[in-house]
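Report on one structure; see the data block that follows.
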Amino acid sequence: MNACDLFSSAPYRVVVDDEEGGIRYWPDVIGPAQAQAWFERLRDGAHWQQQRRPMYERVVDVPRLQAWYGLEELPQALPLAAMQAAVQALVPAPYNTVGLNLYRDGRDSVAMHHDKLHTLVPRQPIALVSLGAPRRMNIRPKHGQARAVGIDLMPGSLLVMSHASQITHEHGIPKTTRAVGPRMSAVFRVRP
DNA sequence: GAAGGTCAAGCGCA
DNA sequence: CTGCGCTTGACCTT
């Protein structure tokens, strides 16, 4: 724990610093039982989609399942409104969308990337709730030679990335040969 | 509407 | 062992 906010109920770690809050990690924002229950409901009830992409002469599956919802019309059966409230309580912002990602096992991943800036509102945060199995995320400055920082994203944790950090840093979930269970992320964003 | 950026798997390297 | 950089090319933006 590098830093704690004395005025907030939950402690967080500052992974990257900038004027907009940088990248902050709260390891325990949602209790384990709640996190597990939400994981199961989303796993079983979300509208998961399998995207495909061309790769040389083949077409391959994107190595994760995805779902997307606008917060104005959330399906009642999914616990997304409650999750939004939990996020909102710690990091207030006019969130209007959630993206869900399901990493089924260690072969699922996302390449290092930054969130597309033209689909985001400047100065508004990106809030990522993790559920299910822990998974390592790497975060690395785009310029300079600094090595990636790894964070083990725990179930019930919250990672908040500033808009500014998407310009300076990229992040990804590498594949792993270790046996890992399914992990889910729910990413709350403010879209124009 | 155009086109510069994205991002998949696998290989070779340090 | 594992992170990383490089490769090609269809599809972009919810």
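Below, chain A is the first sequence line, B the second, and so on; all start at residue 1.
Remark: A:R53, A:P54, A:Y56, A:W68 in residues 44-71 of chain A come within less than 4.0 Å of DNA chain C through at least one heavy atom. At a non-hydrogen distance threshold of 4.0 Å, A:K175 from residues 160-192 of chain A come into contact with DNA chain B.
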Dot-bracket for DNA chain B, 5' to 3', with Watson-Crick and G-U pairs under 3.5 Å, [ ] for crossing pairs and | for other-strand pairs: what is it?
-> ...|||||||||||
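A salt bridge is absent between A:E170 and A:K142: the closest approach of a Lys/Arg side-chain nitrogen to an acidic carboxylate oxygen does not fall below 4.0 angstrom. Classification of A:R52 and A:D61 as a salt-bridged pair holds, one side-chain N sitting under 4.0 Å from a carboxylate O.
Within 6.0 Å of the CZ atom in A:R191, the count of heavy atoms belonging to other residues, nucleotides or ligands exceeds 12. Heavy atoms from other residues, nucleotides or ligands lying under 6.0 Å from CD of A:Q50 number more than 12.
We find that CD1 of A:I139 is positioned 16 Å from C1' of C:dG3, with the value rounded to whole Å. A:M137 places its CE atom 15 Å from the P atom of C:dG3, with the value rounded to the nearest Å. Atom CD of A:E73 is separated from atom P of C:dT14 by 16 Å (rounded to the nearest Å).
The main-chain N or O of A:A164 is found under 3.5 Å from a side-chain atom of A:E20 such that the two form a donor-acceptor pair. Distance alone, capped at 3.5 Å, is enough to place a donor-acceptor pair between the A:W48 side chain and the A:R43 backbone. Panel note: side chain A:Q88, backbone A:A93; a donor-acceptor pair is recorded below 3.5 Å.
For the pair A:S157/A:Y25, a side-chain contact is recorded, criterion being any heavy-atom separation below 4.5 Å from C-beta on. Using a 4.5 Å cut-off on side-chain heavy atoms (C-beta onward), A:M137 and A:I139 make contact.
Contacts of A:D115 classified as salt bridge (Lys or Arg N to Asp or Glu O under 4.0 Å), with partners at least two apart in sequence or in another chain: A:R189. By the ring-ring contact (aromatic ring centres under 6.0 Å, His included) test, A:H47 is found to be paired with no residue, residues two or more places apart in sequence or in another chain being considered.
In this structure, A:H171 has its ring center closer than 6.0 angstrom to the ring center of A:H113.
Cluster membership check: A:V16 shares its hydrophobic cluster with A:I173, using side-chain heavy-atom separations under 4.5 Å among Ile, Leu, Val, Met, Phe, Trp and Tyr.
Counting any heavy atom pair closer than 4.0 Å across all strands shown, A:R107 reaches no nucleic acid atom.
Protein chain A contacts DNA chain B over a range whose 5' and 3' limits, counting nucleotides with an atom under 4.0 angstrom from a non-hydrogen atom, are B:dT6 to B:dA9.
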